[in-house]
Amino acid sequence: MAVGWTVVHEGKTPPPGEAVAPDERLSWGRTAGLGAQHVVAMFGATFVFPVIMGLSPQLAIMMSGIATICFLLIVQGKVPSYLGTSASFVGGATAIYSQQGGPDDVTGAILVAGVVLALVGLLIHFAGPRVLHAVLPPAVTGAVVMLIGFNLAPVVADIYWPQDQWVALITMAFVILVAVGARGFIGRIAIFLGLIFGYILSWIFDTVFGQITSLDPAADEVTTHYRVNWDNVEAANWVGFPTHTPGGLVGNQTLEGNLDAVGWHAPSFSIAFVLLVLPAVIALVAENTGHVKAVAEMTNRDLDPVMGRAIGADGVGTVIATSVGGSPTTTYAENIGVMAATRVYSTAAYYVAAVVAILFGLSPKFGALVSATPGGVLGGITVILYGMIGLLGAKIWRENGVDFGNPINLVPLGAGIVIAIGDTELAVTDDFTLGGIALGTIVVLVFYHLSRAVAPTHLRDPDPGTLIAVGEPGVHEEADEQYGAQGGHADHGQTRGDDVGHDGRRRGTSAKGTAPSEPGKAAADPPVKPAPFDYHRPGSVAEAVQTLAATGGKVLAGGQSLVPIMSMRLAAPVALVDINRLPGLSDIEVTDGRVRIGALVRHRQLEQHEAAYAANPLLRRALSQVAHPTIRNRGTTVGSLVHADPAA
């Protein structure tokens, strides 16, 4: 159900090791407290990005609450997430302003992108995610996300940082230290705390050092002025709707010193401007997919059937928000972090957070306070945010094992990224120019697939993610998504059973060999691919036993202990026998106080089994301490015991 929750744990704080499912809740008092944590977690980025895009932060906060409620209803309460302001459109908005566009042009272009995102979600819902992966493999998706982030580097260097370099530097240092050094919830709200810190620091600098002589974007020249100016804050009302945006505004009103004039407005549509923001759809698809996968791991639920709904719901949220002049939306990793820390996945807390956000959106004074954020503070924060966006692309590559030894990945992706970072332009006609993010994305997408079409077979056969190799040397197969297999990384290495021959046998081989060291020379770095092995996927337990006896191989179940040591070549079994699809091995039986655990029972599955908990309460407590959620969701309890894994 989309709305309606079961009260668990008598409404009190869950005991250690326990969790609260999306369709459950605690008492309304505790739920309100959790909702407040979610508000604080999303606060920083949700009103920083509207300011950067020259849109109303007051309206953005309000519409984020409305969009979140719509999202939860569309996914039927199965995906607990908050929709905050998306950073993916910052580059597109900057490009629109550079071509004499205004706030209405920005919201109109993003609205169309929201429609496209909703249609992509609809396609995924009915056709399955494989259609999307064929068009946007990890190599392409990572490149687009990277070029969106790094294209924004000149915005920091030319606009925000010069306004107050020392406040920017100190604010940046503060955010880095808090994000990395602080534990738990504090580390997750580093951006929000950085805004407060930078604001206070700017006020102290005004008091101690007086006015600053620096770049004033509004005047487009160096002037002498105070860092903090609260004239509009003092004049703003405590309660009221966002203002109506006057017509004729051109350019980013944050840089014009006129952001308080931006409020709600009708969008304006231009094909040229729409093309500038469409690449962000690719980033949003990747972002939403990653977040849904993360939530699925934490809640131990299969959310693939609602993946399309979640992506489409984000598109709907963006359409609703921008239709009145608000900011684009996306699911927020910050709130996923709150769930990981509290183990409370209740959607009730998100409804509370959404209502609180709507109430904040009804305060013009709050909007004016945000709009008055000093430029130096934004400089320190945006240098981190833009860098993180860019490196998320590298994270996608790493997690999917993209092989840049393959020119199909290396050549077109490198060209597109440089075009975007350099803000290179292509004049298509006298009135229409492609450049920056849009041109870079087109180059990446078109020339990647064109390269695959013309490349020889030995380059074309590897999966776009370039995972663990099977078959003849140089030929790769797609890894099984069930295990998140990505060759060359810990906890990866399984191959897809659908591609195994009728004899159930494949020959495994590393993607690249390591040349032996010559006499007198230092040995090469340790290989990061497993040694060659035979792969078997038996159809029954009896066949698995026979195969193990005949080959002397190892059992492949969760792979959390075996695969990492294989990747480092600390173990080199001659064969792997994959038992993951054998029936009857995932059962937990409790009889007369005794717990019988199947070979494929995951740590998380056993941890949440109520009958097993009743029979042996200590078992749940022990399982809750095993490594981290990813390991608990994938690793098998029996495998850890048999392997005598110290981490388990």
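What you see is a predicted model, and the numbers here were worked out from it, not measured in a lab. All residue numbers refer to positions in the sequence shown, counting from 1.
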Asks: Passes side chain to side chain donor-acceptor pair (under 3.5 Å), T85 versus T46? Steps please.
Replies: CA-CA 5 Å; T85 302; T46 294; 4.7 Å; no
Asks: Of all residues at least two apart in sequence or in a different chain, which pass the ring-ring contact (aromatic ring centres under 6.0 Å, His included) check with F366?
Replies: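 With sequence neighbours excluded, F366 shows a ring-ring contact (aromatic ring centres under 6.0 Å, His included) to F43, F360, given in chain and number order.
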Asks: Applying ring-ring contact (aromatic ring centres under 6.0 Å, His included), can you list everything that pairs with W161, at least two apart in sequence or on another chain?
Replies: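 Expected list: none.
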Asks: Report yes if the side chains of M146 and I417 come closer than 4.5 Å at any heavy-atom pair, otherwise no.
Replies: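 A side-chain contact exists here, since the closest heavy-atom pair is under 4.5 Å.
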Asks: Restricting to non-hydrogen atoms, name the atom on G558 and the atom on T636 that form the minimum distance, rounded to 0.1 Å.
Replies: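 Scanning both residues, the minimum pair turns out to be N-CG2, 3.8 Å.
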Asks: Please walk me through it: do L303 and M307 pass side-chain contact (heavy atoms from CB on, under 4.5 Å)?
Replies: CA-CA 6 Å; L303 296 181; M307 181 73 73; over 6 Å; no
Asks: If you compare all heavy atoms of G84 against all heavy atoms of S64, which two are closest, and at what distance to 0.1 Å?
Replies: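 Of all heavy-atom pairs spanning G84 and S64, the closest is CA-CB, 4.5 Å.
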Asks: Stepwise, does the side-chain contact (heavy atoms from CB on, under 4.5 Å) test hold for T382 with V155?
Replies: CA-CA 9 Å; T382 53; V155 177; over 6 Å; no
Asks: I need the minimum non-hydrogen distance between S88 and A280, along with the two atoms involved.
Replies: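 For S88 versus A280, the nearest heavy atoms are O-CB, 3.4 Å.
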Asks: Can you name the nearest heavy-atom pair linking V106 to A93, along with the distance?
Replies: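 In terms of heavy atoms, the two residues are closest at CG1-CB, 3.9 Å.
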Asks: Which value, rounded to the nearest 0.5 Å, describes the distance between H38 atom NE2 and Y350 atom OH?
Replies: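 That separation rounds to 4.0 Å.
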Asks: Between T243 and D260, is any pair of side-chain heavy atoms under 4.5 Å apart?
Replies: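 Of all side-chain heavy-atom pairs linking D260 with T243, none is under 4.5 Å.
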Asks: Which pairs count as side-chain hydrogen bond (donor to acceptor under 3.5 Å, both in side chains) when at least one residue sits in residues 194-208, sequence neighbours excluded?
Replies: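 Only Y199-W230, D206-R227 qualify under side-chain hydrogen bond (donor to acceptor under 3.5 Å, both in side chains).
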Asks: In chain order, what residues pass the side-chain hydrogen bond (donor to acceptor under 3.5 Å, both in side chains) check against T637, with sequence neighbours excluded?
Replies: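 Expected list: H603.
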Asks: Rounded to the nearest 0.5 Å, what separates atom CG in L284 from atom CD1 in I148?
Replies: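 Rounded to the nearest 0.5 Å, the CG-CD1 separation comes to 8.0 Å.
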Asks: What residues form a salt bridge (charged side-chain N to carboxylate O under 4.0 Å, His left out) with R25, not counting sequence neighbours?
Replies: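 R25: no salt bridge (charged side-chain N to carboxylate O under 4.0 Å, His left out) contacts found.
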Asks: Give every donor-acceptor pair under 3.5 Å between a side-chain atom in residues 387-396 and any protein atom, sequence neighbours left out.
Replies:
| residue | atom | partner | partner atom | Å |
| --- | --- | --- | --- | --- |
| K395 | NZ | E399 | OE2 | 2.7 |

Asks: Looking at side-chain heavy atoms only, is the closest gap between I381 and L195 below 4.5 Å?
Replies: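 Yes, close enough: below the 4.5 Å cut-off.
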Asks: Would you check if D164 and S214 make a side-chain contact, meaning some heavy-atom pair closer than 4.5 Å?
Replies: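 Side chain of D164 against side chain of S214, heavy atoms only: no contact under 4.5 Å found.
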Asks: Can any side-chain N or O of S363 pair as donor or acceptor with the backbone N or O of W238 at less than 3.5 Å?
Replies: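 Yes, because the side chain of S363 sits within donor-acceptor range (under 3.5 Å) of the backbone of W238.
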Asks: With a 3.5 Å distance limit and no angle check, can you tell me whether N151 reaches the backbone of A420 through a side-chain donor-acceptor pair?
Replies: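 Confirmed, N151 side chain pairs with A420 backbone.
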Asks: Going by side-chain hydrogen bond (donor to acceptor under 3.5 Å, both in side chains), name the residues that satisfy it together with H291, two or more places apart in sequence or in a different chain.
Replies: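 By the side-chain hydrogen bond (donor to acceptor under 3.5 Å, both in side chains) rule, H291 matches T331.
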Asks: Using atom types as modelled and distance alone, determine if a side-chain donor or acceptor of E24 lies under 3.5 Å from a backbone N or O of V7.
Replies: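 No; zero donor-acceptor contacts below 3.5 Å.
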Asks: List for me each residue that meets ring-ring contact (aromatic ring centres under 6.0 Å, His included) alongside Y386, sequence neighbours excluded, and say none if there are none.
Replies: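 Y386 satisfies ring-ring contact (aromatic ring centres under 6.0 Å, His included) with no other residue.
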Asks: For the backbone of V51 and the side chain of T254, can you confirm whether one donor and one acceptor N or O come within less than 3.5 Å of each other?
Replies: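 A pair under 3.5 Å: yes.
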Asks: Main chain of V233, side chain of K365: is a donor-acceptor contact present, judged purely on distance under 3.5 Å?
Replies: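 Side chain of K365 to backbone of V233, a donor-acceptor pair under 3.5 Å: yes, one is there.
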Asks: Starting at CG of L55, measure out to OG of S327 and round the result to the nearest 0.5 Å.
Replies: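 Going from CG on L55 over to OG on S327, the span is 4.5 Å.
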Asks: Looking at residues at least two apart in the chain, or sitting in another chain, which of them share a side-chain hydrogen bond (donor to acceptor under 3.5 Å, both in side chains) with T68?
Replies: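 So T68 forms no side-chain hydrogen bond (donor to acceptor under 3.5 Å, both in side chains) with any residue.
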Asks: When rounded to the nearest 0.5 angstrom, what distance separates OG1 in T318 from CG in L117?
Replies: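 One finds 6.5 Å between OG1 of T318 and CG of L117.
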Asks: Work out which heavy atom in V262 is nearest to a heavy atom in S56; give both atom names and the distance.
Replies: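 Minimum heavy-atom separation between V262 and S56: O-CB, 3.3 Å.
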Asks: Could you walk me through whether Y345 and V295 satisfy the side-chain contact (heavy atoms from CB on, under 4.5 Å) test, starting with their C-alpha distance in whole Å, then the side-chain angles of each, then the deciding distance to 0.1 Å, before giving a yes or no?
Replies: CA-CA 9 Å; Y345 314 123; V295 172; over 6 Å; no
Asks: Could you note down all residue pairs passing ring pair (Phe, Tyr, Trp, His ring centres under 6.0 Å) where residues 56-85 supplies at least one of them, sequence neighbours left out?
Replies: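 Checked against ring pair (Phe, Tyr, Trp, His ring centres under 6.0 Å) - neighbours excluded - no pair reaches residues 56-85.
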Asks: Let's go through N252 and I159 carefully: what are the C-alpha distance in whole Å and the side-chain angles of both, what is the deciding distance for side-chain contact (heavy atoms from CB on, under 4.5 Å) to 0.1 Å, and is it a yes or a no?
Replies: CA-CA 12 Å; N252 189 327; I159 297 176; over 6 Å; no
Asks: Grab the two heavy atoms, one from M53 and one from P328, that are nearest each other, plus how far apart they are.
Replies: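 In terms of heavy atoms, the two residues are closest at CE-CD, 3.9 Å.
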Asks: Are the side chains of Y160 and L255 in contact, using a 4.5 Å heavy-atom criterion?
Replies: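 In contact.
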Asks: Atom CZ of R301 and atom NZ of K78: how far apart are they, to the nearest 0.5 Å?
Replies: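 Rounded to the nearest 0.5 Å, the CZ-NZ separation comes to 9.5 Å.
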Asks: Apply ring-ring contact (aromatic ring centres under 6.0 Å, His included) to W28 and list each qualifying residue two or more places apart in sequence or on a separate chain.
Replies: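 Residues passing ring-ring contact (aromatic ring centres under 6.0 Å, His included) with W28: W5.
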Asks: Would a 4.5 Å heavy-atom cut-off, applied to side chains only, mark L73 and Q76 as touching?
Replies: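 L73 does not reach Q76 side chain to side chain.
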Asks: Between atom OG1 of T289 and atom CG of D304, what is the distance when rounded to the nearest 0.5 Å?
Replies: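 T289 atom OG1 to D304 atom CG measures 9.5 Å (nearest 0.5 Å).
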Asks: Check whether any side-chain heavy atom of M172 lies under 4.5 Å from a side-chain heavy atom of I384, and answer yes or no.
Replies: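 In contact.
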Asks: Tell me every residue that passes side-chain hydrogen bond (donor to acceptor under 3.5 Å, both in side chains) with T107, counting only those two or more places apart in sequence or in another chain.
Replies: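 Applying side-chain hydrogen bond (donor to acceptor under 3.5 Å, both in side chains) to T107 gives H265.
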Asks: Is there a side-chain contact between I212 and V167 in this structure, where contact means two heavy atoms from C-beta onward sitting under 4.5 Å apart?
Replies: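 I212 vs V167: side chains apart.
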Asks: If you apply the rule side chain to side chain donor-acceptor pair (under 3.5 Å), what do you find for T329 with D314, and how did you get there?
Replies: CA-CA 7 Å; T329 62; D314 184 19; 3.1 Å; yes
